[in-house]
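Down below is the structure, laid out as structure tokens.
Note that the coordinates shown come from a computational prediction; the quantities given were computed from them, not determined experimentally. Read the numbers this way: they start at 1 and go in the same order the structure lists the ligands and their atoms.
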Amino acid sequence: MKVRTKDITLLQEYINSQQSITIITHFNPDGDAVGSSCALYHYFNSLNKDVQVILPNYVPYSLKFLLENVNHIVAEADFKQARKRLQSTDVLIIADMNNNSRSGDSLEKVLNEIDCKTVLIDHHEQPEKYDISFSYPTSSSTCEVVWNVFNRLTKKKVFSQDISICLYSGIMTDTGSLSYSCNNPELYVVISNLLKSGIKANRVNQKLFNTYTHSRLNLLGYAISKKLRVFEKQRAAFIFLSVEELDKYNYQPGDLEGVVNYCLKLENIDFCALISERDNKIRMSFRSKDENIDVNKFARKYWNGGGHIMAAGGKSFKSLQEVVKTFTGQIYNNDFIVKD
Ligand code: 5GP
Ligand code: MN
């Protein structure tokens, strides 16, 4: 990853000359969002900066350990405090999201109005413009980008255990434990350096991946056995879940993390989706295992979303039934193969 010297010099200037730094990430924060934000927090905290993380809403329970010793505000629980912090910050770091709208409607308005230095650190396609942009869409994760930025800022390769645990977590969650976005040899050098801090990868993996509740495992079983639709001819599949079904399995934020990937385990399926009724809307997750099926383009064109070529998300405010009907039509029409 080639981090431009002029961007590092400007970031260093911001760090030296400005007092307060605020880090913000996307709505429904995942491992890479929380990991990159908390790693940035630990780094600036070690420089004795006034630093705070703003999370749009609550993080899944499997990621809570990353927030230990991190000064943060959950905007959903304390919006006024989040707004006050944003209105007074000198520097805003936008981590693991490519535009202000990804922080949710209420925070987006605040972000669009404030006047401060802005720094994007991200790996999503087509980012908005910010004062400094560390945007690497071919990178495995925002955490990998953060490691490279720290490396250029400090000329070091090994960082504190707090930082290393956060960055390791983001890389592992965003690559499905190194099963996708994992072809770049440089990524393994980054992981090697994270482990040199002395962190125990097996223990972090246990916290990230093996902390299911019984109801979460039952929900997964139900989704696969009862709510999976397969379209063999189109090599497509999807799972759909209503809010009533989620309630029945005592749904907690994070419980559907990774469920979409089970559809791709089918040998003859290249495109899949998880459609779920959550937060008063229909959330869509798209995945592809064929480079010719660009789900970022599909999500942008039809579902008010975006993301990466092989993994993207979108949303709709129509009913679940309508969304399933429209989406099924798109499968039959091969609309998911979007050409420019
Ligand atoms: P997931 O399906 O896991 O929620 O998201 C897959 C990827 O697409 C993640 O990198 C996520 O950040 C991104 N993503 C999900 N929803 C949206 C969206 O509405 N807009 C954009 N630009 N990216 C999204
Ligand atoms: Mn990410």
Side-chain angles (χ1 to χ4, degrees), residues 23-40 55-57 59-60 62-63 66 94-105 107-108 120-128 134-147 166-176 179-182 187 208 238-241 253-264 271-276 278-279 281-289 293-317 323 327:
I23 300 150
I24 192 154
T25 190
H26 61 80
F27 198 83
N28 289 335
D30 56 10
D32 194 31
V34 181
S36 56
S37 300
C38 293
L40 286 159
L55 299 160
N57 57 344
V59 309
S62 64
L63 299 174
L66 297 172
I94 297 101
D96 198 42
M97 62 181 214
N98 55 357
N99 61 62
N100 292 348
S101 74
R102 294 280 290 126
S103 63
D105 294 344
L107 281 175
E108 181 190 4
L120 174 91
I121 306 188
D122 184 44
H123 70 136
H124 293 94
E125 303 280 342
Q126 293 142 296
E128 240 175 64
F134 297 101
S135 166
Y136 297 89
T138 57
S139 176
S140 69
S141 52
T142 298
C143 281
E144 187 188 356
V145 182
V146 170
W147 186 89
C166 291
L167 296 182
Y168 175 84
S169 298
I171 292 172
M172 286 302 142
T173 51
D174 251 30
T175 60
S179 68
Y180 38 80
S181 307
C182 57
L187 172 63
L208 290 171
F238 71 86
I239 288 173
F240 63 111
L241 293 161
D255 280 358
L256 289 178
E257 201 63 51
V259 171
V260 63
N261 296 311
Y262 282 90
C263 307
L264 283 193
F271 166 72
C272 69
L274 170 69
I275 305 173
S276 61
R278 283 184 277 164
D279 311 320
K281 57 179 171 283
I282 307 298
R283 280 268 312 134
M284 323 266 291
S285 279
F286 306 111
R287 298 291 185 273
S288 151
K289 63 180 191 226
I293 302 175
D294 183 335
V295 291
N296 169 52
K297 283 187 186 157
F298 175 69
R300 277 175 185 271
K301 186 165 177 187
Y302 296 105
W303 296 105
N304 196 13
H308 314 276
I309 295 168
M310 318 291 272
K315 58 180 175 293
S316 168
F317 294 95
V323 169
F327 185 68

For this session: Give the numbers and elements of all ligand 1 atoms closer than 4.0 Å to a heavy atom of His124.
Result: 9 (C), 10 (O), 11 (C), 12 (O), 13 (C)
Exercise. Who's closest to atom 24 (C) of ligand 1 heavy-atom-wise, of Gly306, Ala273, Ser101?
Worked result: Gly306
Exercise. Can you tell me how far the SG atom of Cys263 sits from the CG atom of Leu274, to the nearest 0.5 Å?
Worked result: 7.5 Å
Problem set entry | Polar contact flag for Phe286 and ligand 1 (N/O pairs, less than 3.5 Å) | no
For this session: Any chance you could measure Asp174, atom CG, to Thr142, atom OG1, to the nearest 0.5 Å?
Result: 7.0 Å
Exercise. Is Asp122 close enough to the Mn ion (ligand 2) to have an N, O or S atom under 2.8 Å?
Worked result: no
Problem set entry | His124 and His26 aromatic ring geometry - parallel, tilted or perpendicular at 30°/60° bounds | perpendicular
Problem set entry | Side-chain donor or acceptor of Lys315 paired with backbone N/O of Lys281 under 3.5 Å | no
Exercise. Out of Glu257, Arg102, His308, whose heavy atom is nearest to atom 20 (N) of ligand 1?
Worked result: Arg102
For this session: Number the atoms of ligand 1 from 1 as they appear, then name those within less than 4.0 Å of a heavy atom of Ser285, with their elements.
Result: 1 (P), 2 (O), 4 (O)
Exercise. Going by the order shown, which atoms of ligand 1 are within less than 4.0 Å of some heavy atom of Asn98?
Worked result: 22 (N)
For this session: Please name the pair of heavy atoms, one in Thr173 and one in Gly31, separated by the smallest distance, quoted to 0.1 Å.
Result: OG1-CA, 3.4 Å
Seminar exercise, completed: Answer key: the N, O or S atom of Asp32 nearest to the Mn ion (ligand 2) is OD2
For this session: Without swapping roles, check the side chain of Asp96 against the backbone of Val34 for a donor-acceptor pair under 3.5 Å.
Result: no
Problem set entry | Close N or O approach (Arg287, ligand 1; < 3.5 Å) | yes
Exercise. Relative to the heavy atoms of Gly307, which atoms of ligand 1 are at a distance of less than 4.0 Å?
Worked result: 8 (O), 13 (C), 21 (C), 22 (N), 23 (N)
Exercise. In terms of the angle between their ring planes, are Phe327 and Phe238 parallel, tilted or perpendicular, with boundaries placed at 30° and 60°?
Worked result: perpendicular
Exercise. Strictly under 2.8 Å, is any N, O or S atom of Asp174 next to the Mn ion (ligand 2)?
Worked result: yes
Problem set entry | Identity of the N, O or S atom of Asp96 lying closest to the Mn ion (ligand 2) | OD1
Problem set entry | N, O or S from His124 under 2.8 Å to the Mn ion (ligand 2) | no
Exercise. So is Arg300 polar-close to ligand 1, meaning N/O to N/O under 3.5 Å?
Worked result: no
For this session: First locate atom CD1 of Ile239, then atom CG of Leu256, and finally report the distance between them rounded to the nearest 0.5 Å.
Result: 9.0 Å
Exercise. Do other residues, nucleotides or ligands put more than 12 heavy atoms under 6.0 Å from the OH atom of Tyr302?
Worked result: yes
Exercise. Which protein non-hydrogen atom lies closest to atom 7 (C) of ligand 1, naming both residue and atom, and how far is it?
Worked result: Ala311 O, 3.7 Å
Problem set entry | Region of Arg283 that comes within reach of ligand 1 [heavy atoms, distance under 4.0 Å] | side chain
For this session: Identify, for atom 19 (O) of ligand 1, the protein heavy atom at the shortest distance, and state residue, atom and that distance.
Result: Gly305 CA, 3.5 Å
Exercise. Is the Lys NZ or Arg CZ of Lys301 less than 6.0 Å from the centre of Phe286's six-membered ring, within 45° of the axis?
Worked result: no
Exercise. Are Glu128 and Leu120 close enough, and set up right, to give a side-chain contact (heavy atoms from CB on, under 4.5 Å), and what steps lead you there?
Worked result: CA-CA 9 Å; Glu128 240 175 64; Leu120 174 91; over 6 Å; no
